[in-house]
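Data first, discussion second: the structure below is written as structure tokens.
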Amino acid sequence: MFFLIDNLNELIMYLNTSGGILVFFFIYVFSVIFLLPGSWLSLLSGFLYGSIVGSLVVFVSAFCGACLSFLISKYFFAKSINNIVSKYSGYPLLQGILKKGGLKLIILSRLSPIFPFSILNYFYGLNNISFKDFGLSLFFILPGTYVYCSLGNLANELSDFRNISAKENLTFTLIGFAATVFVFYLIVKYSNDFLRDSKNI
């Protein structure tokens, strides 16, 4: 049993079993829902299961955790929070940006490293984002997932994680930078469009 493991080697061996993968899945889902850092878990998945299988395990776990967060936000918090924030003048602007940006803006936010994955899940649940668009956007976390799992796969032991950084992958860094720039460009563009349309009404 998982709770009877008393040393690190036994834990690693257990996590490599089918039951251990299921435990890892629930831990990852828990971390996403409760806004806990997930990068070290992605590294661990690569260390335990390899780049390909590790990426698959992380993606499925993150996908399920993100969808649950989105639904929790939409059906338990959206109405009350929207009633509060709708009183502020910037709220219609935010809704207008998201409406104009649609799936494109959501995808770019997934590729950008400056937007925390877990927080985005709840944020999109609070807004008028369809579950279909939300789900489609999650497939764009695969590049980052593969990078982290590949880096984890390079480690010989867990202590090596301290010296591992996703910044070592130039391609992923460039994609993230380009996505961030494009996100801010679209935000400015859609803000101007919304303000111009508002004046014409």
Side-chain angles (χ1 to χ4, degrees), residues 2 19-42 44-45 54-146 148-149 176 179-180 182-184 186-191 193-195 197-198 201:
F2 177 68
I21 293 177
L22 186 62
V23 169
F24 184 92
F25 166 82
F26 282 113
I27 292 174
Y28 206 107
V29 170
F30 178 90
S31 73
V32 172
I33 292 175
F34 289 93
L35 308 178
L36 302 176
S39 57
W40 69 274
L41 283 172
S42 298
L44 179 60
S45 183
S55 296
L56 181 61
V57 171
V58 168
F59 174 72
V60 172
S61 304
F63 189 95
C64 293
C67 289
L68 286 172
S69 300
F70 177 84
L71 294 174
I72 289 170
S73 177
K74 180 170 288 291
Y75 292 107
F76 290 95
F77 302 119
K79 185 175 181 180
S80 57
I81 291 179
N82 285 334
N83 286 338
I84 296 173
V85 299
S86 61
K87 301 175 183 177
Y88 297 93
S89 58
Y91 183 72
L93 175 61
L94 175 61
Q95 294 296 316
I97 292 172
L98 290 173
K99 183 178 180 179
K100 284 180 174 291
L103 180 59
K104 177 167 55 179
L105 189 60
I106 302 173
I107 288 173
L108 288 170
S109 69
R110 291 300 188 189
L111 292 171
S112 173
I114 71 168
F115 299 103
F117 175 75
S118 296
I119 293 177
L120 277 180
N121 300 326
Y122 283 101
F123 172 75
Y124 287 134
L126 295 175
N127 293 280
N128 191 27
I129 302 297
S130 70
F131 185 75
K132 177 184 176 181
D133 285 352
F134 178 83
L136 287 173
S137 75
L138 290 173
F139 286 93
F140 289 83
I141 69 172
L142 279 169
T145 298
Y146 181 76
Y148 273 100
C149 290
T180 302
F182 203 26
V183 164
F184 282 104
L186 290 178
I187 289 174
V188 172
K189 179 181 183 301
Y190 293 142
S191 296
D193 290 346
F194 178 82
L195 292 174
D197 294 342
S198 298
I201 295 177

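Just so you know, residue 1 is the first one in the sequence shown, and it goes up from there. Keep in mind that the numbers below use all heavy atoms, side chains included, and drop hydrogens, waters and symmetry copies.
We find the CG-CG distance between Leu138 and Asn121 to be 6.5 Å, quoted to the nearest 0.5 Å. Between the SG atom of Cys67 and the CD1 atom of Ile72 there is a distance of 11.0 Å, given to the nearest 0.5 Å. Taking CG of Leu103 as the reference point, atom CZ of Phe134 lies at 12.0 Å (rounded to 0.5 Å). Taking CG of Leu98 as the start and CD1 of Ile106 as the end, the distance is 7.5 Å to the nearest 0.5 Å. Residue Ser137 holds its OG atom at 9.0 Å from CD1 of Ile129, rounded to the nearest 0.5 Å. Considering CG of Leu22 and CD1 of Ile27, their distance stands at 10.0 Å, rounded to 0.5 Å.
Looking at every heavy atom in both residues, Ala62 comes nearest to Phe117 through O-CZ, 3.8 Å. The two residues Lys74 and Asn127 come nearest to each other via the heavy atoms NZ-O, 3.4 Å. The two residues Gly54 and Ser45 make their nearest non-hydrogen contact at O-OG, 2.9 Å. Nearest heavy atom pair, residue Val29 against residue Cys64, reads CG2-CB, 4.3 Å. Considering every non-hydrogen atom in both Thr180 and Pro113, the closest pair reads OG1-CD, 3.7 Å. Scanning all heavy atoms of the two residues, the minimum distance from Val32 to Gly65 falls at CG1-C, 3.5 Å.
Under the 4.5 Å side-chain criterion, counting only non-hydrogen atoms from C-beta, Ile114 is in contact with Phe184. Contact annotation: the side chain of Leu105 approaches that of Val183 to within less than 4.5 Å [non-hydrogen atoms, C-beta and beyond]. Using a 4.5 Å heavy-atom threshold, the side chains of Ser118 and Tyr122 count as separate. Side-chain atoms of Phe63 and Ile141, non-hydrogen and from C-beta on, never get closer than 4.5 Å to each other. Side-chain contact check for Tyr146 versus Val58: every heavy-atom pair is 4.5 Å or farther apart.
Taking the six-membered ring for Trp, Phe30 and Phe26 have ring centres at least 6.0 Å apart. For Phe139 and Phe59, the gap between ring centers is short of 6.0 Å. Between Phe70 and Phe131, the ring centre distance stays below 6.0 Å.
Judged purely by distance below 3.5 Å, without hydrogens or angles, the side chains of Tyr124 and Ser73 never pair a donor atom with an acceptor atom. Side-chain contact annotation: Ser42 with Tyr28, donor-acceptor N/O pair under 3.5 Å present.
The main-chain N or O of Val57 is found under 3.5 Å from a side-chain atom of Ser61 such that the two form a donor-acceptor pair. Here the side chain of Ser80 pairs a donor or acceptor atom with the backbone of Phe77 at under 3.5 angstrom.
Around CZ of Phe115, the count of heavy atoms belonging to other residues, nucleotides or ligands within 6.0 Å exceeds 12.
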Run the side-chain contact (heavy atoms from CB on, under 4.5 Å) check on Ser55 and Leu142 step by step: do they pass?
-> CA-CA 8 Å; Ser55 296; Leu142 279 169; 5.6 Å; no

